[in-house]
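Residues take their numbers from the sequence shown, with the count starting at 1.
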Amino acid sequence: QVQLVESGGNLVQAGGSLRLSCAASGSMLNINTMGWYRQAPGKQRELVAAITSGGSTNYADSVKGRFTISRDSTKNTVYLQMNSLVPEDTAVYYCNAYETGPYGLGYDYWGQGTQVTVSS
């Protein structure tokens, strides 16, 4: 069983920066991918950035060049460095961990979310 706890969300002015942290606890043996999703009011939850156990990364087009995802395996922690923030980045940000299970099945773990608000 895996638990995820996000932190770092805040109110920030456009052009500013924030760093989100996701601390994972429990067995990470079968966790293949971790990432960040966000959900803005009235919109669907969307992928922001993801990183595999091998270090490969994937970013939404809207954040490429501005956000950076990183992983510290020794601490079981994933970070999202967000620079050049714009009001469109305002959302609740959720940490995600994908667990590979038997028979080709998988399982998603989610954190409680942290609010990021970017003012103009």
Side-chain angles (χ1 to χ4, degrees):
Q1 191 171 8
V2 175
Q3 290 181 293
L4 306 173
V5 180
E6 305 101 329
S7 62
N10 213 331
L11 171 65
V12 64
Q13 292 183 346
S17 298
L18 286 173
R19 189 180 75 159
L20 306 183
S21 298
C22 174
S25 61
S27 178
M28 302 293 290
L29 181 63
N30 296 316
I31 299 298
N32 185 55
T33 304
M34 297 189 69
W36 290 93
Y37 290 72
R38 68 186 180 187
Q39 187 166 22
K43 299 182 66 177
Q44 299 278 51
R45 187 174 297 187
E46 64 177 354
L47 173 69
V48 177
I51 186 167
T52 69
S53 59
S56 298
T57 58
N58 186 34
Y59 296 93
D61 289 340
S62 60
V63 307
K64 287 181 179 178
R66 299 189 297 120
F67 291 9
T68 302
I69 188 170
S70 60
R71 187 176 188 175
D72 186 344
S73 297
T74 63
K75 298 180 178 180
N76 288 332
T77 302
V78 175
Y79 305 94
L80 184 67
Q81 179 66 46
M82 305 185 294
N83 298 325
S84 301
L85 286 162
V86 294
E88 290 74 22
D89 295 319
T90 296
V92 177
Y93 284 70
Y94 297 91
C95 184
N96 166 265
Y98 179 74
E99 182 179 45
T100 301
Y103 312 111
L105 301 177
Y107 188 82
D108 281 304
Y109 296 92
W110 295 95
Q112 82 286 353
T114 185
Q115 177 71 48
V116 172
T117 302
V118 184
S119 65
S120 59

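Rounding to the nearest 0.5 angstrom, the gap separating the CD1 atom in Ile51 from the OG atom in Ser70 is 6.5 Å. Taking CG from Asn10 and OG from Ser17, the interatomic distance works out to 12.5 Å, rounded to the nearest 0.5 Å. Here SG of Cys22 is found 12.5 Å from CG of Asp72. Values are rounded to the nearest 0.5 Å. Between atom OH of residue Tyr93 and atom CG of residue Leu80 there is a gap of 7.5 Å, rounded to the nearest 0.5 Å.
Of all non-hydrogen atoms in Asp89 and Arg38, the two that sit nearest each other are OD1-NH1, 3.0 Å. The two residues Thr77 and Lys75 have their closest heavy-atom pair at OG1-O, 3.0 Å. Between Leu4 and Ala24, the shortest heavy-atom distance links the atoms CD2-CB, 3.6 Å. The heavy-atom pair separating Val118 from Thr90 by the smallest distance is N-OG1, 2.9 Å. Nearest heavy atoms, Thr68 versus Tyr59: CA-OH, 3.4 Å. Contact record, Met34 with Ile69: O-CD1, 4.1 Å, taken as the closest heavy-atom pair.
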TODO: Please assess Phe67 against Leu85 for the test side chain to side chain contact (heavy atoms under 4.5 Å, CB included), listing each intermediate value before the final yes or no.
DONE: CA-CA 9 Å; Phe67 291 9; Leu85 286 162; 3.8 Å; yes

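For Gln13 (side chain) and Ser119 (main-chain N/O), no donor-acceptor pair under 3.5 Å exists by modelled atom type. Remark: side-chain polar atoms of Gln39 are not paired, donor with acceptor, to backbone N or O of Ala91 under 3.5 angstrom. A donor-acceptor pair is defined here as one N or O able to donate and one able to accept, closer than 3.5 Å; such a pair exists between the side chain of Arg71 and the backbone of Thr52. Between the side chain of Gln112 and the backbone N or O of Val5 there is no donor-acceptor pair closer than 3.5 Å.
Residues Leu20 and Met82 have side chains in contact (heavy-atom distance under 4.5 Å, counting atoms from C-beta outward).
No continuous path of ILVMFWY side-chain contacts below 4.5 Å connects Val12 to Val86, so the two sit in separate hydrophobic clusters. A continuous path of Ile, Leu, Val, Met, Phe, Trp and Tyr side chains, each step under 4.5 Å between heavy atoms, connects Trp36 with Met28, placing both in one hydrophobic cluster. Under a hydrophobic clustering in which Ile, Leu, Val, Met, Phe, Trp and Tyr are joined whenever their side-chain heavy atoms come within less than 4.5 Å, directly or via other members, Val78 and Tyr37 fall into different clusters.
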Pairs of donor and acceptor atoms involving the side chains of residues 94-107, under 3.5 Å and at least two apart or interchain, shall be tabulated with distances.
from, atom 1, to, atom 2, distance (Å)
Asn96, ND2, Asp108, OD1, 3.1
Asn96, ND2, Tyr109, O, 3.4
Glu99, OE1, Tyr109, OH, 3.0

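Atom CD of Gln3 sits in a sparse spot, with 12 or fewer heavy atoms from other residues, nucleotides or ligands closer than 6.0 Å.
Identified under the disulfide bond (SG atoms under 2.5 Å apart) test for residues 26-58, with sequence neighbours left out: none.
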